[in-house]
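For this chain, numbers begin at 1 and follow the sequence in order. We use all heavy atoms of the structure for the numbers below, so side chains are in, but hydrogens, waters and symmetry mates are not.
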Amino acid sequence: KKDPIYLQDIYNYKWDKNEILPNFIEILFLRIAVYRHNFYPNIEENEESSAIDRDINFHNAFDVMKYIPKALLIGIFSPFPNQWLSSGSLEETSFFKKIYLFEVILIYFFISIGFILVFKKIFDIYFIIISYYNLSLITLIALLTPNIGTLVRHRYGFIVVLFAILISLVIEKFFKKTNMLKDKNN
């Protein structure tokens, strides 16, 4: 039986096999690395304005694991403020970047407020499951795609769920506070 890491030969990709991790995890990380590497197969580096960390390639499982925290931040917070007003590669993408700016500002606002409120729900099992599921898929998308435009489109469904949770936390806190004020006045 041939070692499953032969995929590196098929894709002609340099991969340093790790003897510690089980093979199925090694193959998963290799597939992530190959997909990311092949995302821009025929495009010169200076042609893509929405590329992010395009120069980062994974050559072993630990490279992928080291990048996961950064991928999580990129997945949640991109596009970053320095990219908000940049022009797109097409006139249409420049137009949609301006529309998306409003949405990004709302996401940043509710994340900053909701981050404080999240600690009150940290032991709620439903909150943990939904958040973990959405954050892990956002991270996976950020690992696979070194392009902000593609990342924004693919993470959209997951970020909307997290956004809805944060908005509900803010609304819940607001109504509790207004109810307490009404109770004091009565």
Fill in: Beyond-backbone contact of I148 with S78, side-chain heavy atoms, under 4.5 angstrom
yes
Worksheet, complete the sentence: Closest non-hydrogen atoms of D63 and N57, given as atom of the first, atom of the second and distance, are OD2-O, 4.2 Å
Worksheet, complete the sentence: Rounding to 0.5 Å, atoms CD1 (I25) and CD1 (I20) come to a distance of 12.0 Å
Item to complete: Look only at the side chain of E26 and the backbone of A61, and say whether a donor-acceptor pair between them is shorter than 3.5 Å.
Response: no
Fill in: Flag side-chain contact, heavy atom, 4.5 Å: I76 against L135
yes
Worksheet entry | Distance in Å, H37 NE2 paired with L30 CG, rounded so as to fall on 0.5 Å steps | 11.5 Å
Worksheet item: Cluster question for you: counting only ILVMFWY and a side-chain heavy-atom cut-off of under 4.5 Å, with indirect links fine, are F24 and V64 together?
Response: yes
Worksheet item: Would you call I32 and L140 a side-chain contact if the rule is heavy atoms closer than 4.5 Å?
Response: yes
Worksheet item: Do the side chain of S136 and the main chain of Y133 share a donor and acceptor less than 3.5 angstrom apart?
Response: yes
Discussion item. Restricting to non-hydrogen atoms, name the atom on A142 and the atom on A71 that form the minimum distance, rounded to 0.1 Å.
Written reply: CB-O, 3.1 Å
Worksheet entry | Interatomic spacing from OH in Y132 to CZ in F127 - rounded to 0.5 Å | 14.5 Å
Fill in: Non-hydrogen side-chain atoms of D53 and I74 separated by less than 4.5 Å
yes
Worksheet item: If you measure from CG on L72 to CZ on F77, what distance do you get to the nearest 0.5 Å?
Response: 8.0 Å
Practice prompt. Compute the centroid of each ring, for F58 and then for Y67, and state whether the two points are separated by less than 6.0 Å.
Written response: yes
Worksheet item: What are the two closest heavy atoms between R36 and I56, and how far apart are they?
Response: NE-O, 3.3 Å
Worksheet entry | Check: D16 main-chain N/O paired with H59 side-chain donor or acceptor under 3.5 Å | no
Discussion item. Within the structure provided, determine whether F62 and F29 are in side-chain contact (heavy-atom separation under 4.5 Å).
Written reply: no
Item to complete: Would you indicate whether the side-chain heavy atoms of N60 and N18 approach each other to under 4.5 Å?
Response: no
Discussion item. Do I128 and L137 land in one hydrophobic cluster if side-chain heavy atoms of ILVMFWY residues count as linked below 4.5 Å?
Written reply: no
Worksheet item: According to a 4.5 Å side-chain heavy-atom criterion applied to Ile, Leu, Val, Met, Phe, Trp and Tyr, with indirect links allowed, do I171 and I130 form part of one hydrophobic cluster?
Response: yes
Discussion item. Rounded at 0.5 Å granularity, tell me how far CG in L162 sits from CZ in R155.
Written reply: 10.0 Å
Worksheet item: Rounded to the nearest 0.5 Å, how far does OG of S131 lie from CG of L166?
Response: 8.0 Å
Worksheet item: What is the minimum heavy-atom distance between L144 and F39, and which atoms define it?
Response: O-CD1, 4.1 Å
